[in-house]
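Letters A, B, ... mirror the listed sequences (proteins, then strands); counts begin at 1.
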There are 2 protein chains.
Amino acid sequence: MSAVRLPQQSQDFPAWYGQVVRRAGLAENSPVRGAMVIKPYGYAIWEAIQRALDDRIKATGHENLYFPVLVPASVLAQESTLIEGFAPEVALVTRAGGKELDEPLALRPTSEAVIWAAYGRWIESYRDLPLLYNQWANVVRWELRPRILLRTSEFLWQEGHTAHETEDEAVREVLTILHDVYADVVENVLAMPVLRGRKSASERFPGAVETYTLEALMRDGKALQAATSHFLGQGFARAFGVTYTGRDGEEQHPYATSWGASTRLVGGLVMAHGDDAGLRLPPAVAPHQVVIVPIVREDDRVQVLAAAAALADDLRAEGLRVRLDDREEHRPGFKFHEWELRGVPCRVEIGPRDLAAGSVTVARRDTGAKATVALAALAGELPALLADVQAAMFAAARAEQERRTACPDTYAEMVAWLREAGGFARAGWCGGEDCEARAKADTAATIRCLPLGQRPAASDRCVVCGEASEAVAVWAQAY
Amino acid sequence: MSAVRLPQQSQDFPAWYGQVVRRAGLAENSPVRGAMVIKPYGYAIWEAIQRALDDRIKATGHENLYFPVLVPASVLAQESTLIEGFAPEVALVTRAGGKELDEPLALRPTSEAVIWAAYGRWIESYRDLPLLYNQWANVVRWELRPRILLRTSEFLWQEGHTAHETEDEAVREVLTILHDVYADVVENVLAMPVLRGRKSASERFPGAVETYTLEALMRDGKALQAATSHFLGQGFARAFGVTYTGRDGEEQHPYATSWGASTRLVGGLVMAHGDDAGLRLPPAVAPHQVVIVPIVREDDRVQVLAAAAALADDLRAEGLRVRLDDREEHRPGFKFHEWELRGVPCRVEIGPRDLAAGSVTVARRDTGAKATVALAALAGELPALLADVQAAMFAAARAEQERRTACPDTYAEMVAWLREAGGFARAGWCGGEDCEARAKADTAATIRCLPLGQRPAASDRCVVCGEASEAVAVWAQAY
């Protein structure tokens, strides 16, 4: 950890992001282009996200399982839109066990194909449905423009794959995952407000009938797709010849869904909450919620360290995740900067004068506010303080999202707003691919989503062509 | 689940094993030779094992992280013994993103190489040591003779990789992992008694100075290596040019360890505890610790199902994992067989006569014993009953291990014992590779370990050549 300042976020966002990821110890590049090492601090955040997702995935009736990472190229190719979508990103094993393989094996870019090949063996009757399964896995997608944590040649994720008797049930599943699993975690655990919506046809997952998405806004005004949930219709069942005997005795194809969230959420946390001093972590996912920094001089060292250790024990007994930074080789100021850079939500300073006064200094990372708190009251007060930090971070991010959302009346206004990466532009859209393509060419922005149950746009005309609007669309540049 | 009987375990152990794995819903083969699908029931067992291991790995001071699955062939080759050991099993990616790669990328067979390449960047001074890291990952080793869950082309595991200032500290680490993490989980969670010992030189991990192992005995008399913990000395640090500035200001190489346990433990559970009726699961890892089977007739159906559901809620409130099997399409006898096959430790039968008498019938899977228990007392009594099942399964497995351990006086006796896959043979060994190789050629058995702190053998002579014994060795055929 060096004392060299970070680039200013507002001056050079990409450089700022790269340095925060590296210097906060989240991740670093590996010898394989585009692949990353997730370091312990970054991985601890990912484990907290995993737990939050996994708890909700199980609470909504799903079970985990595991499919192989290697998929025969012919199996991957069986659903044509899937392979067309992913072919440019596939990595192939052609040699194994000292021999050329008869058929190349793809590293899974996603697992619909290998899973639906198995579902054909598992589904016979309506009694076997629904299948509600999820896996935690690594996937490989060869990236031409990798960006650490956001777009990497290998990433970690969960992918749910379900099979249903009816279209209604499958659509309900897709929305349950979107709202009760993903939005709940992203908003209430990661403190990132999201738009919930459908994708336009051009932005759908390959093979999907409908793709639902959560779109979060980063502090440079660009959008991040936080998670997606796909209604796949009967296409995969048809492609893999999966049928079941229905209640009426007839053979029919089940309906499919798939849905995923990945380690890019860790990158999203950096960009949604970070500031010029570095990372700011919501308490719900912070590996250390509280860092205690003892302020010692030679003559009171033993006493202060003992009090700091006792305080750490008290706070841990309250169920808090506490780091006691008693390293001797660094001065308090250095430690303050380091833990600010690493985003610890709350810092407690304890020194000889504090001890004498029976109090400590508590500093919040989100606002920088400092307060003096009675030592005896701290363990009782910190949980509420951390809950307040969590809520305040969400509120601040939501206010920022609102500030950065425009409702342009004219196409010229929209182009100007989006070119400066101003944030979200909410406007009417005729539903035409030409208008979508024109706006993309003019602004580098895409339709992030057609929001669910949102208020209408300023005008009921398409902001691009002026024809009647079919839906409200939200445009933005995106990661 | 069909009513067709399993093969008898004593008649055809491999066929019995294969059918239990498949019919209990643990795993099945995938389209890629040697790779498997871990099904929800098998994966739930693996998740319980993961939690048990991960808790202990963290309690002993380690943090999790994640390294890429793809390793440049040149990095993998940097430590020569490692690549010599694994080259025949490596799978290579040669194409990605639509192009031939300049350098093939290996799918990690294990991660020492890619990790030590990074440790070189992370270690500068003794203050950076120890590094105590672990990862949960998939690995690929091309298997010529795959066996589901035991030896598969892809498997899931954890691999710990640590770096230390001194040899003493590294050796302590290796033994802490062996005893406090692995043996604690395998014996006290999986109820599998193990021998703890060192490997002979010929059985060591490629690149290890010393390999420690846990050896369990399966019910066909073959051994299963349950987990290994390696002291790697300074070889990896030298190969990857990793040095640190010591307390004396001198540059020196750190000492390395690595250690792993994998999904083969799920296969071990089947073979260590299963019987002619199928799987028997220790309560600590059973996805369902208790199954409730309502016995209904048309006229009391509602009443019995309501009582069964209320009982399930009561037991869940005690923290038990409960499955209420209220499927209408199967009769109770079918369900009894199915849950016996799937190894649920405890079955509760509840019918109209039971209800009238205010009692239920409780059947133990491990012994088959049945008892009548007052309905009101069940929630209070089941935790103790499950603890007793856990202890009884360990005791039974230990008794079986003792019964199957011979201490032959002569080489002829040892050969006869091992040829019949009798189990462990404990005898003196001169330490010579010739004697080890001769015994292997004659019996197909290998030295499983040189037990730690064990009682001496019957004789202080080598059982093969009659020269002075250097150590007590335990021979067995093995998976």
Side-chain angles (χ1 to χ4, degrees), chain A residues 27-28 30-32 35-44 46-47 63-72 74-75 87-99 101 104-105 107 114-115 117-118 121-122 127 133 135-138 140 142-144 152-154 156 263 287 327 329, chain B residues 27-28 30-32 35-44 46-47 63-72 74-75 87-99 101 104-105 107 114-115 117-118 121-122 127 133 135-138 140 142-144 152-154 156 263 287 327 329:
Chain A
E28 64 177 37
S30 88
V32 173
M36 66 180 161
V37 178
I38 306 177
K39 296 186 74 175
Y41 197 61
Y43 199 84
W46 174 239
E47 283 182 303
E63 293 178 285
N64 289 334
L65 44 46
Y66 187 77
F67 278 83
V69 67
L70 294 174
V71 184
S74 59
V75 172
E89 301 178 2
V90 167
L92 290 173
V93 173
T94 59
R95 288 187 62 81
K99 287 188 197 163
L101 296 175
L105 301 172
L107 288 168
V114 66
I115 286 181
R121 300 191 296 274
W122 298 0
R127 290 182 196 278
Y133 297 142
Q135 77 175 3
W136 291 95
N138 55 342
V140 172
W142 214 250
E143 284 291 348
L144 295 182
T152 46
S153 292
E154 179 191 9
L156 304 183
T263 37
R327 290 175 296 172
E329 66 268 31
Chain B
E28 64 178 37
S30 88
V32 173
M36 65 181 162
V37 178
I38 307 177
K39 297 186 74 177
Y41 197 62
Y43 199 84
W46 175 238
E47 284 183 301
E63 292 176 287
N64 288 334
L65 44 47
Y66 187 77
F67 278 84
V69 66
L70 294 173
V71 184
S74 59
V75 172
E89 301 178 4
V90 167
L92 289 174
V93 173
T94 60
R95 288 186 64 81
K99 288 188 195 163
L101 297 175
L105 301 172
L107 287 168
V114 65
I115 286 182
R121 300 191 296 273
W122 298 358
R127 290 183 197 277
Y133 297 143
Q135 78 174 3
W136 290 94
N138 55 343
V140 172
W142 214 250
E143 283 292 347
L144 295 181
T152 46
S153 292
E154 179 192 8
L156 305 183
T263 38
R327 289 175 297 172
E329 66 268 29

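Heavy atoms of A:W122 lying under 4.5 Å from chain B belong exclusively to its side chain. When heavy atoms are compared at a cutoff of 4.5 Å, B:I115 does not approach chain A at all. Of the atoms belonging to A:L70, heavy atoms from both backbone and side chain fall under 4.5 Å from chain B. Using a 4.5 Å cut-off between heavy atoms, B:L144 does not touch chain A at all. Neither the backbone nor the side chain of A:E143 comes within less than 4.5 Å of any heavy atom in chain B. Using a 4.5 Å cut-off between heavy atoms, A:L101 contacts chain B through its side chain alone, with no backbone atom that close.
In terms of heavy atoms, B:E154 sits closest to A:V69 at OE1-N, 2.8 Å. Nearest heavy-atom pair across A:W142 and B:A96 is CD2-CB, 3.5 Å. Here the closest non-hydrogen pair linking B:I38 and A:L65 is O-CB, 3.2 Å.
Here the side chains of B:Y66 and A:T263 are not in contact, with every heavy-atom distance at 4.5 Å or above. Looking at heavy atoms from C-beta onward, A:V37 lies in side-chain contact with B:P68 at the 4.5 angstrom threshold. Side-chain contact check for B:F67 versus A:S30: every heavy-atom pair is 4.5 Å or farther apart.
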Report, one line per pair, each donor and acceptor closer than 3.5 Å where one atom sits in a side chain of residues 87-94 of chain B; sequence neighbours left out.
| unit_1 | atom_1 | unit_2 | atom_2 | d |
| --- | --- | --- | --- | --- |
| B:T94 | OG1 | A:T94 | OG1 | 2.5 |

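Counting heavy-atom pairs under 4.5 Å between each of A:E28, A:M36, A:R327 and chain B puts A:E28 at the top. No other option in A:K99, A:E63, A:Q135, A:R127 has as many heavy-atom pairs under 4.5 Å with chain B as A:R127.
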